[in-house]
Amino acid sequence: LTNLSRYAFLYFRAGQNRGTETSLELSISGGGTLPIKQVSLTQGEFTDFMVPIVAATPDTKITFKCSTGGCLFLDEVRIERAIYLDDNAKDNSYKLSANKGETVNVALSRNFSTAYWNTICLPFNFDKSEIDAIFGEGTELKAFDRQEGSTLYFKDAESIVSGQPYLLKPTTDQSLLMLVDTELDGVSGPGSVSGTGSVAFNGTFNATRLLDTDVFFNTDNKLTRPDTTIENANLLKGFRAYFSGILGDVASAQVSFGDVVTSIDSIDGGAQFNADKVYSIDGQYIGTTTAGLKKGIYIVGNKKVVVK
């Protein structure tokens, strides 16, 4: 355990010989915390488990206790180091580069919601079966194809290629991806996809500051440009994607999945940014940017901001 730091995975096989389902309680000492403190055991069966350890140290120790005395069978217990990637961090690319060419365990923290299409850019290659295993069977994946006028066209994609941006519609909500024995070969950084026209769909690994000419999906599910006059209002979280090269007014833009044109309302608006919400002086919610607002005083992140 001498190499443990920050994040790790606990692996074990467990079973029980009681006549009814029982549980196995986990506790930790010597440093670290366990997000999962109890697992269920089925009579007469061995089950493989994988549990994350947060803030692991070389002194981390795990204690197992069965809820019914004399019922526990335990085998193949081990703790392995994992790389921790956080969508709020600015050093994910450094961690990936430091482990390039390695096969490692990865814990990736970011939310994926079944409620809308999520912009996504990952530093791993996943085929269709792996996508279904991670995000749920029937998960949909779209890649940027082209721009025609004010419409952005996306096409079906069967696999995720490292560094490429996509739209993803999972069938199970996720907040932490625990990936075992993941190959980091060829990870050089996030890329972009340019279709016909001037528009490019760009991926991010790190929390990234956008230019005032870039376009993102905001928390109101609309395409908009970032407000660079407010601190962190243009900071896009990592493992997502944004557009560059969209000219003119973005309010009339549409997204098309082949023959179906969808409103922007159904596209990933969920907490992509660290931006503060904007309110009028009388407390009415306006949005997440002061761009285009009339002159006056507004409340942004519990602070008064003057728009001139």
Side-chain angles (χ1 to χ4, degrees), residues 3-9 32-33 35 50 52-57 80-113 117-126 130-131 134-135 141 143-144 157 159-168 170 173-193 200-211 214 216-217 219 226 231-244 268-275:
N3 292 325
L4 283 186
S5 64
R6 181 56 177 163
Y7 225 90
F9 291 166
T33 59
M50 180 176 64
I53 304 175
V54 180
T57 76
E80 294 185 0
R81 182 179 71 92
I83 297 173
Y84 181 69
L85 304 174
D86 187 339
D87 63 356
N88 287 300
K90 298 180 180 180
D91 63 347
N92 294 316
S93 291
Y94 171 79
K95 294 178 183 178
L96 292 166
S97 178
N99 292 274
K100 185 175 181 179
E102 301 291 332
T103 299
V104 298
N105 300 320
V106 177
L108 189 153
S109 176
R110 76 146 284 188
N111 291 322
F112 297 94
S113 175
W117 288 88
N118 301 254
T119 65
I120 181 175
C121 180
L122 297 178
F124 325 111
N125 296 316
F126 291 144
E130 292 170 321
I131 292 172
I134 295 168
F135 297 105
L141 186 69
F144 181 54
S159 61
I160 291 177
V161 176
S162 171
Q164 295 301 296
Y166 300 92
L167 291 178
L168 177 87
D173 292 327
Q174 299 283 355
S175 60
L176 178 68
L177 302 186
M178 297 174 59
L179 309 174
V180 178
D181 294 337
T182 303
E183 295 183 6
L184 298 183
D185 289 336
V187 176
S188 57
S192 63
V193 177
F201 193 40
N202 311 289
T204 70
F205 288 166
N206 305 319
T208 301
R209 292 196 182 279
L210 303 187
L211 303 175
D214 294 328
F216 65 93
F217 293 111
T219 52
E231 184 177 4
N232 291 333
N234 63 333
L235 188 62
L236 181 69
K237 292 184 178 183
F239 306 110
R240 288 170 169 78
Y242 65 96
F243 292 99
S244 60
D268 177 9
Q272 293 195 54
F273 268 74
N274 296 321

Test side chain to side chain contact (heavy atoms under 4.5 Å, CB included) applied to Val104 and Lys95, step by step: CA-CA 12 Å; Val104 298; Lys95 294 178 183 178; over 6 Å; no
Side chain to side chain contact (heavy atoms under 4.5 Å, CB included) assessment of Tyr166 paired with Val193: CA-CA 9 Å; Tyr166 300 92; Val193 177; over 6 Å; no
Tell me whether [X] contacts the main-chain N or O of [Y] through its side chain, where contact means a donor paired with an acceptor under 3.5 Å.
{"X": "Gln174", "Y": "Ile134", "value": "yes"}
{"X": "Thr204", "Y": "Arg240", "value": "yes"}
{"X": "Asp181", "Y": "Thr103", "value": "no"}

Compare every heavy atom of [Y] with every heavy atom of [X], then report the nearest pair and how far apart it is.
{"X": "Pro165", "Y": "Ala241", "value": "CB-CB, 3.7 Å"}
{"X": "Pro190", "Y": "Cys121", "value": "CB-SG, 4.0 Å"}
{"X": "Ser113", "Y": "Asn118", "value": "O-ND2, 2.9 Å"}
{"X": "Ile131", "Y": "Ser159", "value": "CD1-CA, 4.0 Å"}

Trace of the side chain to side chain contact (heavy atoms under 4.5 Å, CB included) decision for Phe216 with Phe243: CA-CA 6 Å; Phe216 65 93; Phe243 292 99; over 6 Å; no
Output all residues satisfying side-chain hydrogen bond (donor to acceptor under 3.5 Å, both in side chains) with [X], sequence neighbours left out; order by chain, then residue number.
{"X": "Asn202", "value": "Ser244"}
{"X": "Asp91", "value": "none"}
{"X": "Ser93", "value": "Asn206"}

Measure the [atom1]-[atom2] distance between [X] and [Y] for me, rounded to the nearest 0.5 Å.
{"X": "Leu122", "Y": "Phe205", "atom1": "CG", "atom2": "CZ", "value": "7.5 Å"}
{"X": "Leu211", "Y": "Asp214", "atom1": "CG", "atom2": "CG", "value": "4.5 Å"}
{"X": "Leu168", "Y": "Ile120", "atom1": "CG", "atom2": "CD1", "value": "4.5 Å"}
{"X": "Asp87", "Y": "Leu108", "atom1": "CG", "atom2": "CG", "value": "7.5 Å"}
{"X": "Ser192", "Y": "Gln164", "atom1": "OG", "atom2": "CD", "value": "7.5 Å"}

Pairing residues for Ser109 by the side-chain contact (heavy atoms from CB on, under 4.5 Å) criterion, not counting sequence neighbours: Tyr84, Asp86, Leu176
Qualifying residue, where the test is side chain to side chain contact (heavy atoms under 4.5 Å, CB included) with Pro123 and the options are Val106, Thr182, Leu96, Asn92: Leu96
Aromatic ring pairing Phe9/Tyr7, orientation class (parallel under 30°, perpendicular over 60°, tilted between): perpendicular
Is any side-chain heavy atom of [Y] closer than 4.5 Å to one of [X]?
{"X": "Asn125", "Y": "Glu183", "result": "no"}
{"X": "Phe124", "Y": "Leu184", "result": "yes"}
{"X": "Met178", "Y": "Met50", "result": "yes"}
{"X": "Asn105", "Y": "Arg81", "result": "no"}

Sequence-distant partners of Phe112, ring-ring contact (aromatic ring centres under 6.0 Å, His included), two or more places apart: Phe135
Pair Leu236-Arg209, side chain to side chain contact (heavy atoms under 4.5 Å, CB included): steps then yes or no: CA-CA 6 Å; Leu236 181 69; Arg209 292 196 182 279; over 6 Å; no
